[in-house]
Amino acid sequence: MIIQESMLVQSQREIAHNIFEMKLQGKLVQEIQAPGQFIHIRVSEAFDMLLRRPISIASIDQENDEITIIYRAEGDGTRSLSKRNEGDRVDVLGPLGNGFPVEETNAGEVAYLIGGGIGVPPLYELSKQLTAKGVTCVHILGFQSENVVFYEEEFKALGETHIVTVDGTNGTEGFVTTVMQNLSEQFATYYSCGPQPMLKAVQEMYANKKGYLSFEERMGCGVGACFACVCQTTERAEANYIKVCSDGPVFPAGVIAI
Ligand code: FAD
Ligand code: FES
């Protein structure tokens with residue numbers, strides 16, 4: 001069930017340059033079904049910022065009704081969100097969308113989790129859930145530069161982790177595909193979230209593999225009513241157009257035309 005709720009800010013801290021980790025508490029945490037779902041946040045009461053901002057759920061703690069989100073404070077809305085403090089309330093709609101299918105990888109199998117920039121956060125909860133069921137996760141995480149790398153230690157605690165930076169200031173220099181070229185293709189499933197050019201490259205490189213991609217499309221309502229997030233599909237899909245917010249944001253590789 002989707003809930004609109006005033007969630008309590010438990011904590012907020014800057015974990016890399018302009019990258020914030022925020023913990024939120026509220027009842028909607030009990031409604032989350034899968035990693036990769038997102039929340040739609042009203043970032044400010046200001047009239048010119050009525051449009052909610054979609055942010056992925058990075059970590060779920062259902063025992064304490066708590067979720068973690070990780071976001072880049074870049075535009076007006078996310079910068080405004082970064083000014084909230086512990087004890088403040090944030091208007092949230094969620095959980096939204098269909099997440100990553102954890103059930104598609106069996107215990108004992110290997111999964112590759114490939115993320116780029118602000119596409120990395122939802123992979124953290126995904127890795128926690130896959131690891132808990134006995135899947136071996138290999139993380140390939142791409143960032144622009146060392147100063148925006150986050151959760152390196154958290155991912156390493158879950159499994160093999162390759163950091164890639166465009167300028168080579170942390171890990172391998174290049175793109176996620178630079179690392180993928182040197183890794184074995186002995187894995188069952190891949191899961192990926194990041195900018196579209198990255199998703200395209202990953203999908204092409206692993207064309208014969210089972211994969212799931214999460215798309216970060218611009219959104220209006222977030223619940224399938226406004227058509228702001230409509231994308232064209234390939235011939236492999238049942239319909240010509242698809243709504244990223246309510247049909248996705250996670251789709252099997254090959255369904256969205258990229
Ligand atoms: P502005 O430029 O002021 O935004 C103007 C408008 O454009 C807003 O409606 C805004 O929502 C939209 N917009 C701008 N950039 C994007 C973008 N890249 N994707 C979608 N809409 C955008 N970002 C994170 O940092 N962490 C996350 O975990 C995360 N998860 C996301 C999950 C989903 C399903 C989607 C669709 C996007 C996600 N994003 C995430 C991207 C995030 O929504 C945008 O960075 C954010 O909306 C930008 O808002 P702004 O006010 O800072 O920018
Ligand atoms: Fe309104 Fe998807 S954002 S239909």
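The figures here come from the full heavy-atom set of this structure, side chains too, leaving out hydrogens, waters and symmetry mates. Since this is a predicted model, take the numbers as computed values, not measurements.
The cluster map of Ile, Leu, Val, Met, Phe, Trp and Tyr, joined by side-chain heavy atoms under 4.5 Å apart, puts V179 and L213 in the same cluster. I55 and I118 fall into different hydrophobic clusters, where Ile, Leu, Val, Met, Phe, Trp and Tyr are joined by side-chain heavy atoms under 4.5 Å apart, directly or via other members. In terms of hydrophobic clustering, with Ile, Leu, Val, Met, Phe, Trp and Tyr side chains grouped at heavy-atom distances under 4.5 Å, L126 and I32 are assigned to different clusters. Under the 4.5 Å side-chain heavy-atom criterion for Ile, Leu, Val, Met, Phe, Trp and Tyr, V250 and L113 are members of the same hydrophobic cluster. Residues F155 and V138 do not share a hydrophobic cluster, clusters being chains of Ile/Leu/Val/Met/Phe/Trp/Tyr side chains in contact below 4.5 Å.
In terms of heavy-atom proximity, E104 sits nearest to K210 at O-NZ, 2.7 Å. Residues A111 and Y191 approach most closely at CB-CE1, 4.0 Å, considering heavy atoms. Shown here for A107 and K133, the closest heavy-atom pair between the two residues is CB-O, 3.1 Å. The two residues G220 and A228 make their nearest non-hydrogen contact at N-CB, 3.6 Å. When every heavy atom of F150 is checked against every heavy atom of I70, the shortest pair comes out as CE1-CG2, 3.8 Å. Across all their heavy atoms, V176 and G115 have their closest contact at CG1-O, 3.7 Å.
D61 and K23 are not joined by a salt bridge, as no carboxylate oxygen comes within less than 4.0 angstrom of a charged side-chain nitrogen.
The distance from atom SG of C231 to atom CG of N240, rounded to the nearest 0.5 Å, is 13.0 Å. Separating the CD atom in Q4 from the NE2 atom in H40 is a distance of 11.0 Å, to the nearest 0.5 Å.
Between the side chain of K209 and the backbone N or O of F187 there is at least one donor-acceptor pair closer than 3.5 Å. When atom types are taken as modelled, the side chain of N98 and the backbone of Q37 share no donor-acceptor pair closer than 3.5 angstrom. The backbone N or O of V43 lies less than 3.5 Å from a partner atom in the side chain of R84, making a donor-acceptor pair.
You'll find the ring centres of Y212 and F251 outside the 6.0 Å limit. For Y241 and F227, the gap between ring centers reaches or exceeds 6.0 Å.
Under the 3.5 Å distance criterion, with hydrogens and angles disregarded, a donor-acceptor pair is assigned to the side chains of T169 and S145. For D65 and Q30, the side-chain atoms include at least one donor-acceptor pair closer than 3.5 Å.
Atom CD of Q144 sits in a sparse spot, with 12 or fewer heavy atoms from other residues, nucleotides or ligands closer than 6.0 Å. Surrounding CD of E103 are more than 12 heavy atoms belonging to other residues, nucleotides or ligands, all under 6.0 Å away. More than 12 heavy-atom neighbours from other residues, nucleotides or ligands sit within 6.0 angstrom of CD on Q181. For K200, the NZ atom counts as loosely surrounded, since its 6.0 Å shell holds 12 or fewer non-hydrogen atoms of other residues, nucleotides or ligands. No more than 12 heavy atoms of other residues, nucleotides or ligands lie within 6.0 Å of CZ in F175, so this atom counts as exposed by the packing criterion.
Sorted by first and then second residue, the salt bridge (charged side-chain N to carboxylate O under 4.0 Å, His left out) pairs involving residues 158-185 (not counting sequence neighbours) form an empty list.
Aromatic ring pairs are classed by plane angle as parallel below 30°, tilted from 30° to 60° and perpendicular above 60°; the pair Y206 and Y190 is tilted. Note on ring orientation: taking the six-membered ring where Trp is involved, the planes of Y124 and Y151 are perpendicular (angle over 60°, cut-offs 30° and 60°).
Annotation: side-chain hydrogen bond (donor to acceptor under 3.5 Å, both in side chains) contacts of E14 (sequence neighbours excluded): none.
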